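Computed over heavy atoms, backbone and side chain alike; hydrogens, waters and symmetry mates excluded. Because the structure is predicted, anything quoted here is derived from the model rather than measured.
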Amino acid sequence: MMNIREYLDNILATQGYDAWEQEDEYMWSLLDQDIEQEIALGVEGHAFDDYCESVGVDLQAPHPTLPGAVLDYWCMDHCE
């Protein structure tokens, strides 16, 4: 398993920027969909988690130099 940055970096290196951008946006949309579902329906969504598991992304992977998970920093990058 790899962290989300490793997964996306691999796409960038092998398929190029357009594929990286498309995958990054798709993954963010899944996470957003899950959050919206939880807010609207009070039911936890699993689309993002399920997709990440299917492509081998470890959502709990710790950041190598900062506290917390790599996923936390990926989310912060999207919120800036």
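A salt bridge is defined here as a Lys NZ or Arg NE, NH1 or NH2 lying under 4.0 Å from an Asp or Glu carboxylate O, and Asp24 with Arg5 fails to meet this definition.
Side-chain contact annotation: Asn3 with His63, donor-acceptor N/O pair under 3.5 Å absent.
In this structure, Gln33 CD and Glu38 CD are separated by 13.0 Å, a value rounded to the nearest 0.5 Å. The SG atom of Cys52 sits 8.5 Å away from the CE atom of Met1 when rounded to the nearest 0.5 Å.
Asp72 contributes a side-chain N or O that, together with a main-chain N or O of Ala69, makes up a donor-acceptor pair within less than 3.5 Å.
Around atom CD of Glu53, no more than 12 heavy atoms belonging to other residues, nucleotides or ligands sit under 6.0 Å away.
Side-chain contact between Glu36 and Asp32 is present, with at least one heavy-atom pair separated by less than 4.5 Å.
With side-chain heavy atoms closer than 4.5 Å counting as contact, directly or through intermediates, the hydrophobic cluster containing Leu41 also holds Val43. Members clustered with Trp20: Met2, Ile4, Tyr7, Leu8, Ile11, Leu12, Tyr17, Tyr26, Met27, Trp28, Leu30, Leu31, Ile35, Ile39, Phe48, Tyr51, Val55, Val57, Leu59, Val70, Leu71, Trp74, by chain and number, using a 4.5 Å side-chain heavy-atom cutoff among hydrophobic residues.
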